[in-house]
Amino acid sequence: MIDVVEALRRIEKAAVVSQPRRVRIENAVGLQLREDVISDTDSPPWHRSMMDGFAVISNDFALTKDNKTIVTLDVVAEIGAGETTAIILKEGQCVRVMTGAPTPSGADAVIPIERVVTGSLDGHVGECVSLHDPHFRFGQHVSKKASFFHAGQTVIKSGVELEPVHIGLAAEVGASHVTVNAPPRVSIITTGNELIPNCQIPGKGQIRNTNEPMLSAAVARCGAEPIPMGIARDHAESLRALMAQGLAADILLLSGGVSAGDYDLVPRTLEKMGVECIFHKVSLKPGKPIWFGVFQRPAAAPTLVFGLPGNPVSALVCFELFVRPALGLVSGQSIDKQSGSHHSAELVGSMKGGGDRPVYHPCRLELSDGRLFVEALKWGGSADLLGLSRANGLLVVPKNSGDYQEGDLVEVISLVSRFRHESE
Ligand code: AMP
Ligand code: MG
């Protein structure tokens, strides 16, 4: 049986980055950019007033002794945000400007409105204003044209994972659409004769379909697009019908039916449909029965197919260990970049050593004074979702390891979003 590292290596080998797609910037957050974004404008696009006040010639102020003198100027124009003027400022003149307005030719500084000492505070065209600015600096309160970047400059480099700030920047430079790695489309098929939709009351022997909404949520949390396809029953016809549709997606997730039982038809049905098995069973607990294969699609990247175990905890642990990295790979991220969720932590309490498989045990991680501590949680095994719901990480107990004592360093995987959230 292969181990987790080998399984990941095979997934990495099979994964192909999806075709880039052009999307509106409003829909691009979280996606990886596949082209440079180049500005069509200078920023700022003009010499811009950063204050409500009066655009002036610095020399009119700088030449006064120690900036102590009150300077009286003629107000010759008024410019609001969105307006321009053809006026060229001369000595002894000023222009009333609003924040964001272009400063007129000849002006190189702005005196804030609060510095008006006489005359009406409004200082309208035709009036004189007396200004006194004891802290006056040359060029103050003017943001110079193109001082941030200029037209033709690359402002976002290909490869960047787009954050809201990049969406704003793209909007500023006129990029209404960007080319990105498309979010992978992920079909989800749950299997089992015992399953009923989770909105129903279970009859004898029936259980609610936990995995479909849970895996859909996990896919969405990764920024990918879940396509829940409903329940397939444990016979070949039912499985084939849903699989035929599911194989059209970038990734197909199945849950259940991958163990060794008579009703575990998923692997053989997939193989009959042309999906090549890359591995079946991985040495880990929970999640050992996991199946992984590749389906060659005509004129598209191959579909990666995961047969996850039916037990919900096993399904979610396998999602974290294998499907999340696969989603990253298909979206253009390297495995290395994704290993950020692995840490070492100091054990609180003691812990029994591992058996013949590594165990991924639900745990609580806590940061204290820059040190990471971990405590294993009470957990009932591969069907105990409540136990897992209290965890913010998985403690990795290697196979055949000895018992652990308080303070020992152990490997942990943070279940990223929840851990970050709670340590904030
Ligand atoms: P299987 O992998 O099909 O042998 O299922 C293993 C266990 O997981 C059984 O107890 C199933 O009833 C349970 N199971 C399978 N699929 C689901 C599901 N979608 N939601 C909740 N439990 C499931
Ligand atoms: Mg089953």
Side-chain angles (χ1 to χ4, degrees), residues 1 4 7 186-221 224 226-243 245-246 249 251-273 275 277-293 305-324 357 359-362 379-391:
M1 200 176 348
V4 170
V186 184
S187 302
I188 298 162
I189 302 173
T190 40
T191 75
N193 288 341
E194 73 280 32
L195 299 182
I196 57 162
N198 57 64
C199 54
Q200 294 178 12
I201 309 278
K204 270 197 184 137
Q206 295 182 321
I207 58 165
R208 295 194 179 98
N209 184 358
T210 316
N211 290 347
E212 182 174 279
M214 181 175 72
L215 293 171
S216 297
V219 167
R221 177 50 66 82
I227 310 168
M229 305 200 59
I231 300 166
R233 298 306 173 194
D234 292 319
H235 53 83
E237 276 314 301
S238 174
L239 285 168
R240 257 203 299 269
L242 286 186
M243 283 172 180
Q245 297 171 46
I251 294 185
L252 168 58
L253 299 183
L254 294 121
S255 93
V258 286
S259 310
D262 288 345
Y263 291 95
D264 293 328
L265 304 176
V266 167
R268 70 188 93 140
T269 311
L270 285 170
E271 283 172 55
K272 274 194 189 141
M273 296 188 71
V275 185
C277 176
I278 305 293
F279 60 77
H280 188 190
K281 296 197 169 66
V282 175
S283 173
L284 86 150
K285 191 177 174 179
K288 173 176 142 189
I290 183 173
W291 190 97
F292 173 67
V305 183
F306 290 88
L308 304 174
N311 269 313
V313 175
S314 312
L316 200 55
V317 168
C318 285
F319 184 94
E320 287 296 326
L321 294 182
F322 305 115
V323 183
R324 182 190 287 278
R357 279 182 281 157
V359 182
Y360 292 74
H361 193 108
W379 171 52
S382 54
D384 180 11
L385 265 190
L386 181 64
L388 182 63
S389 76
R390 297 189 182 108

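Just so you know, ligand 1 is whichever comes first in the structure, and atom 1 is the first atom listed for that ligand. The shown structure was predicted, so the numbers you read here are calculated from the model rather than taken from an experiment.
The closest protein non-hydrogen atom to atom 18 (C) of ligand 1 is N211 ND2, 3.3 Å. For atom 21 (C) of ligand 1, the nearest protein heavy atom (residue, atom name, distance) is T210 OG1, 3.3 Å. When hydrogens are left out, the protein atom nearest atom 4 (O) of ligand 1 is D264 OD1, 4.0 Å; that is the closest non-hydrogen contact. Remark: minimum distance from atom 10 (O) of ligand 1 to any protein heavy atom is reached at N311 OD1, 4.1 Å. Nearest non-hydrogen protein atom to atom 11 (C) of ligand 1 is E194 OE2, 3.0 Å. For atom 19 (N) of ligand 1, the closest non-hydrogen atom of the protein is N209 OD1, 2.9 Å. Distance from atom 3 (O) of ligand 1 to its nearest protein heavy atom, with residue and atom name: G257 N, 2.8 Å. Protein heavy atom closest to atom 16 (N) of ligand 1, with residue, atom name and distance, is G310 O, 3.6 Å.
Inter-residue side-chain proximity for P267 and C277 is flagged as unmet; no heavy-atom pair is nearer than 4.5 Å.
Per-residue contacts place R208 under 4.0 angstrom from the following atoms of ligand 1 (heavy atoms of the residue considered): 20 (N), 21 (C). Listed by number with element, the atoms of ligand 1 under 4.0 Å from a non-hydrogen atom of S255 are 19 (N). Annotation for ligand 1: atoms under 4.0 Å from non-hydrogen atoms of T190 are 19 (N). For ligand 1, the atoms closer than 4.0 angstrom to any heavy atom of I207 are 12 (O), 21 (C), 22 (N), 23 (C).
Between the side chains of N211 and T190, no donor N or O sits under 3.5 Å from an acceptor N or O.
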L308 vs L254, test: side chain to side chain contact (heavy atoms under 4.5 Å, CB included). Steps then yes/no.
CA-CA 6 Å; L308 304 174; L254 294 121; over 6 Å; no
Given V186 and I227, is the side chain to side chain contact (heavy atoms under 4.5 Å, CB included) satisfied, shown in steps?
CA-CA 6 Å; V186 184; I227 310 168; over 6 Å; no
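Looking at R268 and E271, no side-chain N of the basic residue comes within less than 4.0 Å of a carboxylate O on the acidic one, giving no salt bridge.
None of L265, D264, V266 except one satisfies the side-chain contact (heavy atoms from CB on, under 4.5 Å) rule with V258; the exception is V266.
No part of A383 comes within 4.0 Å of ligand 1, judged by heavy-atom distances.
Counting only distance, with no hydrogens or angles, the side chain of R208 and the backbone of P197 share no donor-acceptor pair below 3.5 Å. Checking side-chain atoms of S255 against main-chain N and O of G310 turns up no donor-acceptor pair under 3.5 Å.
Between F306 and F292, the ring planes are tilted. Angles from 30° to 60° get that label.
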